[in-house]
Each structure stands twice: as C-alpha cells, then as structure tokens.
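See structure below.
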There are 2 protein chains.
Amino acid sequence: MNLSVNINDFLKLNEVKSSFQRIKIYEYIAENKNHPTVNTIFDELVKQIPTLSKMTVYNTLKLFREKNIIQEISIEDNELRYDANVKTHGHFKCRKCGEIFDFEYNNSEIVFTEINNYKIEETQLFIKGICSNCFTMNK
Amino acid sequence: MNLSVNINDFLKLNEVKSSFQRIKIYEYIAENKNHPTVNTIFDELVKQIPTLSKMTVYNTLKLFREKNIIQEISIEDNELRYDANVKTHGHFKCRKCGEIFDFEYNNSEIVFTEINNYKIEETQLFIKGICSNCFTMNK
DNA sequence: GTTTTTAATTATAATTATTATAATTTTGTA
DNA sequence: TACAAAATTATAATAATTATAATTAAAAAC
Ligand SMILES: [Mn+2]
Ligand SMILES: [Mn+2]
Ligand SMILES: [Zn+2]
Ligand SMILES: [Zn+2]
C-alpha cells in the first residue's frame, strides 16, 4: 500500500489539486507530527527533491490552510509551525528540549463569562514549561 | 498626580533602571491596553519623541520581558504583541475589527491527563472569531 | 498522440522584520 | 565640573517573507 496514493485522494477530496511537491509536503507534516516550521519542512524535503523551492513550501502551506487540512500554530518567538491534526487540541512546548507535545483537553470545561456572546471560530491552548523527560534527567 | 512618577518607581521596584524612553514605553502599553506590536508602540511614541529609535523599543521590550513586567503574546501571523497585564488571562482576537479582548478563565478547570507530570511555567489561551460588536453590526 | 491552454513550480528581486555594531548622548557619581 | 557607565541612536548586516516573471508540468482540446 502506497501512502502517497492515499494523500493524493485526500488532497483531491479537499479541493486541493495534487502535485508531487504538495503530496510530499503534506506527507512530511502528517507523518512526522513534529509541528515543523517552514524551514524544517524545506530543509528536510530538499534532500529528496533537490529542485524544491522554498516559495513552493510557502504557497503550499498557505493553500493547505485555506482548505483547512493543516493548522498554523504560533506558540512563540514569531516562529510559525504547522500541524496536520486540525482538531482542537493543546500544545506543550518544553523550554529545555524544544519539543512540542500534543495533549487533549475538554474545551467545554472552560467557562468564558466575558466573551459568552462572541462567535468562537478557533481555540488555541499553549503551555510552556519542562517536559517529564527533561525534568527527570536534571535530577 | 503624575503617572510617570509612579511608573518610575514601579520600574525601579522591578530592577529596571528608569529612563524617559522606558517610562513612555511602559506607560503606552499599560494605559492603552491594546496589546500593541513593536511598530504600533514606535509609531505612536515617535510622535511625542521624534528622536526615538526603534532599536530602543526592541531593547526595552526585551528588558521588560526579562524582568517580567510585560508579557509577549503571539496570537497569530508572526505578529508579536505586548501586554502589561502579566497575570494569566485569555485573549480573543476578532477577525473583523482586529481588536484583541481580554477575558478571565479558570485555569484549574482544565484537566490535562497527558501532561500531568510536566512542569507548567506559562499558559496562553487564544480564541479567534467575531466579537459581539461586529456580529450584531452584520445583521 | 500532438497541440493548446492552464496551473504549478522555480528563480530572482523587492520588501519587511530583526539583530548586531559602533558612535553619540545621557545619566549618575566623585 | 570631570569622569565613568549605561542608554539611546544611527547605521549596517542578517533573516524572513512576499512579489514578479520565467520555466516547467499537468490538463484539456483537438
Ligand atoms: Mn499538534
Ligand atoms: Mn491581555
Ligand atoms: Zn523536554
Ligand atoms: Zn470585532
């Protein structure tokens, strides 16, 4: 079974015209689940695709966002990161190792009195601190 | 009563050496509560202080952050914004008018099973959507 | 299956944001 | 006032992003 074929269908299903570059970019984000930046995506893929242009990465990410098949997260420092998991979930960034961990939380448990008549379209919960790996290592 | 005098004391209390520029920058963020970007702060203050350098704004914001008298919020688009309210609180950005609203929420009500042994240092909750002003105007 | 049309990718240039460095000015202290 | 230290400013360098045009690839028409 070839994953690229599945991604090809997935893109078409979401009104994204498929191409070799687009499949590879989506594949990278979806498989690695590492919340990569534009530069990470480019640097990793240019190894496989030497002709790849960073412009294509920018354009493709913009298109994927418009079609809602990826989400953009700006956890800190002006560094935008991308995630193929578009469901609402939380992100934890470790100050030591820099890794970003996903976590689930119950959105409905948060009570908003001040903005209860506002139309909510997107929710982002970011937590920064030290992950358990780095915490135990320091002892 | 002169607010600048109070800010002067406040800065000293927080181990920040006071200066005319630093007082004006803190004053702008604290009084306007508009979560300004570097450019907003510079553009507004350069009207009063024609010799002001953007470098000073960058340096001062970095210093204020280190001393924890402001917080940096990166709600979207690679645009960093600054807030003199350093207590944990949520931010709502309206897609129509662009304004950012503060709201309170009870952090303890959110249950994190996956990261329950992680050391939490900072929490940011961002919500995007349409504010009630813009929502009623569109009807 | 070749030609034509359209769209995507690439290469390049332009713009913007940020950081680094050195010169100048200000502030505090003797 | 004179000196030393720090902050501010001016300028240059770097990095990130966007815009534009040329090239290549894909799709549609014939
Ligand atoms: Mn995620
Ligand atoms: Mn706020
Ligand atoms: Zn870690
Ligand atoms: Zn609004």
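Just so it is clear, the model here is predicted, and its values are computed rather than measured. A, B, ... follow the sequence lines: proteins, then strands. Residue 1 opens every chain. For the numbers below, each heavy atom of this structure counts, side chains included, while hydrogens, waters and symmetry mates do not.
- Within a heavy-atom distance below 4.0 Å of DNA chain D, no residue of residues 66-73 of chain A is found.
- The salt bridge (charged side-chain N to carboxylate O under 4.0 Å, His left out) search around A:E114 returns none, not counting sequence neighbours.
- Scanning residues 35-45 of chain B for heavy-atom distances under 4.0 Å to DNA chain D yields an empty list.
- Under the salt bridge (charged side-chain N to carboxylate O under 4.0 Å, His left out) criterion, A:K87 pairs with no residue, sequence neighbours left out.
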Exercise. How does each nucleotide of nucleotides 7-13 of chain D score, in 5' to 3' order, for protein heavy atoms under 4.0 Å: base (B), sugar-phosphate only (S), or none (-)?
Worked result: SSBB---
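- A:E99 pairs by the salt bridge (charged side-chain N to carboxylate O under 4.0 Å, His left out) definition with nothing, not counting sequence neighbours.
- If you measure from atom CG of A:L80 to atom C1' of D:dA15, you get 14 Å, rounded to the nearest angstrom.
- Partners of A:Y118 by ring pair (Phe, Tyr, Trp, His ring centres under 6.0 Å), not counting sequence neighbours, listed by chain and number: B:F92, B:F101.
- Residues A:V57 and A:L45 fail the side-chain proximity criterion, which asks for heavy atoms closer than 4.5 Å.
- For B:E79, the side-chain contact (heavy atoms from CB on, under 4.5 Å) test picks out B:T37, B:D77, B:R81, B:K93, with sequence neighbours left out.
- Between A:L61 atom CG and D:dT17 atom P the separation is 11 Å, expressed in whole Å.
- Taking atom CD on A:E76 and atom P on C:dT18, their separation rounds to 15 Å, with Å as the unit.
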Please list, one pair per line, the donor and acceptor atoms closer than 3.5 Å that link side chains of residues 62-69 of chain A to other protein atoms, with sequence neighbours excluded.
from	atom 1	to	atom 2	distance (Å)
A:K62	NZ	A:E66	OE2	3.3
A:R65	NH1	A:E72	OE1	2.8
A:R65	NH1	A:E72	OE2	3.3

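- With sequence neighbours excluded, the residues that form a salt bridge (charged side-chain N to carboxylate O under 4.0 Å, His left out) with B:K119 are B:E121.
- When the ring pair (Phe, Tyr, Trp, His ring centres under 6.0 Å) test is applied to B:H89, the partners found at least two apart in sequence or on another chain are B:H91.
- A:F126 is linked by a ring pair (Phe, Tyr, Trp, His ring centres under 6.0 Å) to B:F126, counting only residues two or more places apart in sequence or in another chain.
- C:dT9 atom P lies 14 Å from atom NZ of A:K62, rounded to whole Å.
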